[in-house]
Amino acid sequence: MTLLDNLSAIVGDAFAAADLDRALGAVKPADRPDLAQFQSNGALAAAKAAKENPRAIAEKIIEKLLGHEAFDRLTVAGPGFININLTKDYLKAGLGAISNDADVGAWRASDPEKIVIDYGGPNVAKPLHVGHLRAAIIGESLKRIFRAAGNEVIGDVHLGDWGLQMGQLISEMALRSPALAYFDANNKGPFPKEPPISIADLEEMYPAASAACKADEARAGLARKATKELQAGRPGYRALWRHFVDLSVDAMRVDYDDLGVEFDLWKGEADADAYIPELTDDLRNRGILEHSDGAEIIRVARDDDKKELPPIIFLNSEGAVGYHATDVATIVDRQRNIAPDRMLYVVDARQRLHFEQVFRAVEKAGYFEEARLEHLWFGTMNGKDGKPFKTREGGTLKLRDFINMVTERAIDRLRENGFADGYSSEETSKVAQLVGIAALKFADLSNPRTSDYIFDLDRFMAFEGKTGPYLLYASVRIKSVLDKAAAAGLKPAGDFVLEESEETDLALALLAFGDAHKSAIEKRMPHILCDHAYRLAQSFSKFYAACPIVSAPEVRLQTARLALAKLTGAQLKIVLDLLGLEAPERM
């Protein structure tokens, strides 16, 4: 149980002893930290139901709590709020518990689940760009956050590798190099193991093929025909498609690795293709598929809908499958081969209608419960003009160029702050990449997932304030404190000492981790852990300024404060890891 869970249970018992609803004992951090550490507002609701004075009820609850080891001071404030301060012994016991916990106070789910998180969604043959950033960063953090609570989590990149863009590329290659073996309809293989093009060629072909198809209906017809033949299993097209996928994945892995993003599965829409014939027959036989203008659709509208919800197109008029069908089939694939309790989709807000349609279709077909399918949509990262982030020329910025940009800016900031003095250029570059990626990821994650935000590189790269570099510096600083103490022959030991207010504040910050972790999971919002990390770093900074460690007048203070510093460093490291941030050894 978390600190708030424990306190709520204790106060809830007091409400129950007064013949009131136990749930009214919920405890939360105080709205006025200058007056109390925590508060319970249940007396107001209890008074309304019982038609009694809320202050009288609050006083009655306090009487039942007097003498409990957890509470140092209990008072009634305002119309009936119960203000709570905890005893030093209770806080020290909590610190002892998390110091003996390998996860330093992380929340553990009582009923862990098996979860698939779909959070990549890049298209084959197209370089990763800033538009792919939020899905990768948020999804990776959520994966780590859920895993830390004891859930089994599988991250799937879910490549866009099976739609019309594949037919556009294949037909473009056929026009450019018709003599290649892949275009001989009688050739069943084997085909060359080495691709006939490079990733650079592929990235040039993608926009060229797309533009040509938009400009010429006959050209678009070739792309549709190639798509249908690919999906039907034409050997040459399948071999060429495999080259496209392999080249693209190799390039993606480099960018994702630099972002600290890892996927357990590199599956795509094509992996669901084998299920399409079976699902089509099943849906037809049960009358779920309907004919409409030559296509086959699934109606997902309900009588109580407040807005019109269009049907999904399972098969288009040419018999080809689209995104709706492959997403339905992907859910079936995951259900059969992974059997997850829940599937989470970290995809931007523009796809809200799409996922609502797909989830309803899956529920209607009986393949998976809609309630266990969640679209965790997110807002956009915008430039200072308030519009989606672009290059100065107005184009889409490649992710590789973006990573290089933040790394170069990090090098400048390290030198400006004197952090690069005496470092080799190699170590400076390594630290700069960690700092740059931390600035980038924390700037994204520290905003609520559903909010848009303005990307301001100079502000996000600062070593003060609520930024990624500040948190990395805090982590490195704690390690430096521990190293200097060790060099002076001091070791963390003894009971925790909470004699100064800064020590108590740091203890409260450390004990808040479990609640922050639990809340981040329940709300699917990593920014809650960003807030915790910042509060923890700030609390340590105030503690370190007010409470000398090595120069403390007594050995018991030296070792106890050192233990508090060690615990803070360990927890901060874990929280940073949950956010996907890595601190250097020194800076």
Side-chain angles (χ1 to χ4, degrees), residues 2-4 29 103-107 117 119 133-149 259-261 344 346 376-382 406 410 434-478 505-506 508-542 568-583:
T2 68
L3 177 60
L4 291 182
D103 296 319
V104 201
W107 179 67
I117 300 187
Y119 66 102
L133 193 66
R134 294 211 76 186
I137 290 174
I138 296 170
E140 179 68 22
S141 181
L142 285 171
K143 181 186 72 178
R144 296 179 183 211
I145 289 169
F146 273 92
R147 278 182 179 167
L259 273 182
V261 173
L344 309 179
V346 183
L376 307 184
W377 58 272
F378 53 83
T380 58
M381 181 183 77
N382 298 324
V406 297
L434 292 177
V435 170
I437 294 299
L440 180 65
K441 295 175 83 168
F442 189 81
D444 193 294
L445 293 171
S446 61
N447 292 278
R449 170 175 54 80
T450 52
S451 299
D452 299 341
Y453 74 97
I454 303 296
F455 186 83
D456 184 342
L457 186 55
D458 288 334
R459 181 163 64 87
F460 297 157
M461 199 65 74
F463 281 89
E464 55 280 330
K466 192 177 179 180
T467 69
Y470 170 74
L471 292 180
L472 295 198
Y473 179 68
S475 180
V476 172
R477 186 184 190 188
I478 295 171
D505 288 345
L506 181 54
L508 288 167
L510 284 161
L511 293 173
F513 178 29
D515 288 297
H517 185 202
K518 180 183 179 184
S519 183
I521 287 178
E522 291 178 342
K523 297 177 181 178
R524 280 66 165 133
M525 292 285 195
H527 80 275
I528 296 170
L529 278 178
C530 292
D531 293 344
H532 173 74
Y534 182 56
R535 178 191 174 190
L536 186 62
Q538 277 192 313
S539 297
F540 178 81
S541 181
K542 293 174 182 177
T568 304
Q571 188 180 100
L572 183 57
K573 182 178 180 180
I574 283 180
V575 178
L576 291 178
D577 182 69
L578 296 184
L579 298 172
L581 278 57
E582 180 184 353

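Between the side chain of D452 and the main chain of T380, a donor-acceptor pair closer than 3.5 Å is present. Between the side chain of T467 and the backbone N or O of A462, at least one donor-acceptor pair lies under 3.5 Å. Checking side-chain atoms of H517 against main-chain N and O of A106 turns up no donor-acceptor pair under 3.5 Å.
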Practice item. List the steps, then state whether side-chain contact (heavy atoms from CB on, under 4.5 Å) holds for I145 with R524. Key: CA-CA 9 Å; I145 289 169; R524 280 66 165 133; over 6 Å; no
Open item on the list: Would L572 and F540 count as a side-chain contact (heavy atoms from CB on, under 4.5 Å) here? Give the steps.
Closed with: CA-CA 10 Å; L572 183 57; F540 178 81; over 6 Å; no
Begin from the C-alpha positions of L536 and Q571 and carry the test side-chain contact (heavy atoms from CB on, under 4.5 Å) through to its verdict.
CA-CA 9 Å; L536 186 62; Q571 188 180 100; 3.5 Å; yes
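For P29 against L4, the heavy-atom pair with the smallest separation is CD-CD1, 3.8 Å. Counting all heavy atoms, side chain and backbone alike, S539 lies closest to L506 at CB-CD1, 3.9 Å. Taking each heavy atom of D103 and F513 in turn, the nearest pair found is O-CE2, 3.6 Å. When all heavy atoms of L434 and L472 are compared, the pair lying nearest together is O-CD1, 3.7 Å. Between L579 and L445 the shortest heavy-atom distance is O-CD1, 3.2 Å. Here the shortest heavy-atom pairing between A516 and H532 reads CB-CB, 3.8 Å.
Only one option out of T450, N447, L142 pairs with M525 in a side-chain contact (heavy atoms from CB on, under 4.5 Å); it is T450. Among S519, S446, P448, the one residue that satisfies the side-chain contact (heavy atoms from CB on, under 4.5 Å) test with I528 is S519.
Residues V575 and V104 fail the side-chain proximity criterion, which asks for heavy atoms closer than 4.5 Å. You'll find the side chain of L376 stays beyond 4.5 Å of the side chain of I138, heavy atoms only.
Residues F442 and F460 place their aromatic rings such that the two centres sit no closer than 6.0 Å.
Within the structure, side chain to side chain donor-acceptor pair (under 3.5 Å) contacts touching residues 436-445 (residues at least two apart or in different chains) are R134-D444, D444-Y453.
A 6.0 Å sphere centred on CD of Q538 holds more than 12 heavy atoms belonging to other residues, nucleotides or ligands.
One distance of note links CG of L510 with CZ of R535; it measures 9.0 Å at 0.5 Å rounding. We find the CD-OG distance between E582 and S475 to be 10.0 Å, quoted to the nearest 0.5 Å. Between the CG atom of L578 and the CD atom of E140 there is a distance of 11.0 Å, given to the nearest 0.5 Å. Separating the CD atom in E522 from the CG atom in D515 is a distance of 9.5 Å, to the nearest 0.5 Å. Considering SG of C530 and NZ of K466, their distance stands at 7.0 Å, rounded to 0.5 Å.
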